[in-house]
Amino acid sequence: MELLSSTKSSGGWLKRYKHQSEAVKGEMVFAIYLPPQAEQKKVPVLYWLSGLTCTDENFMQKAGAQAMAAELGLAIVCPDTSPRGTDYPGEHDSYDFGSAAGFYLNATVEPYAQTYKMYDYVVQELPQIIEANFPVTAEKSISGHSMGGHGALICALKNPSMYASVSAFAPIVNPTQCPWGEKAFTGYLGSDRESWAQWDTCLLIRDAKEKLPLFVDQGDADNFLEEQLKPEALEKVCAEHNHPLTLRRQPGYDHSYFFIATFINDHLQHHAKALNLC
């Protein structure tokens with residue numbers, strides 16, 4: 001790994017690294033916040049998955065999470081949102097497909113099948129790297145925003161014993177039934193909609209054998225609410241299948257990081273409780 005930057009923050013250290021990834025067959029960058037407790041002992045990790053157009057830097061710079069993470073003794077890891085350095089036809093043409101829009105799945109359609117393996121990267125490769133190189137335990141939770149909220153939910157639902165807890169801000173919960181998801185899934189997975197089901201939170205809940213509780217915040221002034229996010233679909237399927245869900249509709253809040261920064265401490269405390277930090 002190559003250290004790109006190191007910045008003191010809330011008594012701990014925010015660092016960015018570049019490394020060669022086997023999952024995506026290229027260089028990847030991630031950010032990690034190590035709280036001050038990590039200088040004396042290993043600490044658990046919260047993995048944060050960001051949304052469309054973002055990199056590893058957005059959350060670390062805008063969410064204001066370091067102070068609470070330092071108080072709780074919680075490390076935070078933020079990967080990038082897609083592979084970089086490739087130049088496939090159409091990859092950079094729109095904000096909601098290709099670069100910065102990996103959707104945290106494993107692509108099966110060429111040429112994206114060669115490198116767009118963000119699910120494998122987030123669930124398998126990145127935790128192995130973090131646990132081998134930093135003072136952290138194997139205990140982990142996962143969270144994210146929008147596309148990253150979708151990613152956090154599917155990673156947790158597909159691997160419930162891996163994560164102590166999961167949360168999301170304004171997640172894309174039913175991507176097989178919204179324009180963002182339909183565009184991305186067609187490009188990454190092809191036209192067989194049955195193959196899409198394994199990457200859709202609402203469809204995964206129907207078959208979930210373990211019922212890891214879901215904690216979701218959604219702003220009611222979010223301009224993507226009705227067309228893309230559809231939290232009512234999540235409420236409906238969770239009610240039908242007795243899946244524990246806390247969905248808070250926050251009056252007046254939009255899709256921005258102002259929304260995330262307002263409620264991030266609630267999410268950090270939610271994960272800290274599951275990780276036995278408080």
Side-chain angles (χ1 to χ4, degrees), residues 28-33 45-65 68-69 74-82 96 100-105 118-123 126-127 130 140-160 162-175 178 180-181 184 199-202 204-205 212-219 222 224 228-231 234 245-248 250 253 255-272 274-275:
M28 288 293 285
V29 173
F30 67 85
I32 181 168
Y33 177 69
V45 183
L46 173 66
Y47 287 84
W48 172 271
L49 307 183
S50 293
L52 293 166
T53 77
C54 291
T55 69
D56 64 286
E57 294 185 285
N58 294 74
F59 178 84
M60 291 298 193
Q61 294 181 0
K62 296 179 179 180
M68 180 57 69
L74 180 65
I76 304 176
V77 171
C78 297
D80 203 349
T81 52
S82 78
D96 54 359
F103 268 82
Y104 304 102
L105 48 72
M118 288 300 294
Y119 175 79
D120 284 351
Y121 179 72
V122 167
V123 172
L126 185 57
I130 298 301
K140 60 182 72 72
S141 294
I142 193 164
S143 186
H145 171 233
S146 193
M147 177 186 73
H150 144 77
L153 292 171
I154 63 167
C155 288
L157 288 167
K158 290 165 76 70
N159 305 276
M162 181 179 294
Y163 300 101
S165 53
V166 59
S167 74
F169 288 83
I172 305 169
V173 299
N174 201 187
C178 76
W180 276 343
W199 309 109
D200 185 303
T201 292
C202 287
L204 288 170
I205 285 170
L212 186 66
L214 313 181
F215 178 37
V216 176
D217 268 322
Q218 173 65 63
D222 192 319
F224 301 114
Q228 305 284 8
L229 305 178
K230 303 182 178 183
L234 180 63
L245 168 68
T246 300
L247 195 157
R248 308 190 305 184
Q250 304 293 1
Y253 285 91
H255 201 70
S256 72
Y257 264 85
F258 294 107
F259 164 51
I260 296 170
T262 301
F263 299 105
I264 189 61
N265 283 357
D266 291 352
H267 286 247
L268 296 178
Q269 290 165 343
H270 167 77
H271 295 299
L275 293 163

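Summarising the geometry, atom CZ belonging to Phe224 is positioned 4.0 Å from atom CH2 belonging to Trp180; distances are rounded to the nearest 0.5 Å. Once rounded to the nearest 0.5 Å, the distance linking CG of Leu245 with CG of Leu234 reads 5.0 Å. In this structure, the separation between CG on Asn58 and CE on Met60 is 11.5 Å, given to the nearest 0.5 Å. Here Ile32 contributes atom CD1 and Asp56 contributes atom CG; the two are 12.0 Å apart, rounded to the nearest 0.5 Å. Interatomic distance, Cys202 SG to Leu153 CG, rounded to the nearest 0.5 Å: 9.0 Å.
Judged as a side chain to side chain contact (heavy atoms under 4.5 Å, CB included), and not counting sequence neighbours, the contacts of Pro127 are Tyr47, Glu131, Lys140. Residues satisfying the side chain to side chain contact (heavy atoms under 4.5 Å, CB included) test with Asp80, not counting sequence neighbours, are Met28, Thr55, Arg84. Scored by the ring pair (Phe, Tyr, Trp, His ring centres under 6.0 Å) test, Tyr163 finds no partners at all (sequence neighbours excluded). Every residue two or more places apart in sequence or in another chain was checked for a salt bridge (Lys or Arg N to Asp or Glu O under 4.0 Å) with Lys230, and none qualifies. Listed by chain and number, the residues in a side chain to side chain donor-acceptor pair (under 3.5 Å) with Ser141 are Ser165 (sequence neighbours excluded). Take Tyr121 and apply the ring pair (Phe, Tyr, Trp, His ring centres under 6.0 Å) test, not counting sequence neighbours, and it matches His19. The side chain to side chain contact (heavy atoms under 4.5 Å, CB included) test applied to Thr246 returns Phe215, Arg248, not counting sequence neighbours. Residues meeting the ring pair (Phe, Tyr, Trp, His ring centres under 6.0 Å) test with His271, sequence neighbours left out: none. The side chain to side chain donor-acceptor pair (under 3.5 Å) test applied to Ser50 returns Trp48, not counting sequence neighbours. When the side chain to side chain donor-acceptor pair (under 3.5 Å) test is applied to Gln228, no partner is found at least two apart in sequence or on another chain. The side chain to side chain contact (heavy atoms under 4.5 Å, CB included) test applied to Leu204 returns Ile154, Leu157, Lys158, not counting sequence neighbours.
For the pair Ala65 and Ile264, the tightest heavy-atom approach, listed with the atom from each and the gap, is CB-CG1, 4.1 Å. When all heavy atoms of Met118 and Thr81 are compared, the closest pair comes out as CE-C, 4.0 Å. Here the shortest heavy-atom pairing between Leu212 and Ala164 reads CD1-O, 3.8 Å. Across all non-hydrogen atoms, the minimal contact from Gly102 to Met147 is N-SD, 4.0 Å. Residues Gly144 and Ala152 come closest through the heavy atom pair N-CB, 3.9 Å. Of all heavy-atom pairs between Ile142 and Ala156, the closest is CG2-CB, 4.1 Å.
For the pair Phe103/Leu52, a side-chain contact is recorded, criterion being any heavy-atom separation below 4.5 Å from C-beta on. Under the 4.5 Å side-chain criterion, counting only non-hydrogen atoms from C-beta, Ile205 is in contact with Leu214. Side chains of Val122 and Cys155 form a contact here, defined as non-hydrogen atoms less than 4.5 Å apart. Residues Phe59 and Ile76 are in side-chain contact: their nearest non-hydrogen atoms beyond the backbone lie under 4.5 Å apart. Using a 4.5 Å heavy-atom threshold, the side chains of Asn174 and Asp200 count as touching. Under the 4.5 Å side-chain criterion, counting only non-hydrogen atoms from C-beta, Pro171 is not in contact with Thr201.
In this structure, the ring of His150 has its center no less than 6.0 angstrom from the ring center of Tyr104.
Checking His270 against Ser167 by side-chain atom types alone, no donor-acceptor pair falls below 3.5 Å.
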Expected list for residues 255-262: side-chain donor-acceptor pairs under 3.5 angstrom, two or more places apart:
{"unit_1": "His255", "atom_1": "ND1", "unit_2": "Asp222", "atom_2": "OD1", "d": "3.3"}
{"unit_1": "His255", "atom_1": "ND1", "unit_2": "Asp222", "atom_2": "OD2", "d": "2.5"}
{"unit_1": "His255", "atom_1": "NE2", "unit_2": "Ser146", "atom_2": "OG", "d": "2.9"}
{"unit_1": "Ser256", "atom_1": "OG", "unit_2": "Asp254", "atom_2": "OD1", "d": "2.7"}
{"unit_1": "Ser256", "atom_1": "OG", "unit_2": "Phe258", "atom_2": "N", "d": "3.2"}
{"unit_1": "Thr262", "atom_1": "OG1", "unit_2": "Phe258", "atom_2": "O", "d": "2.7"}

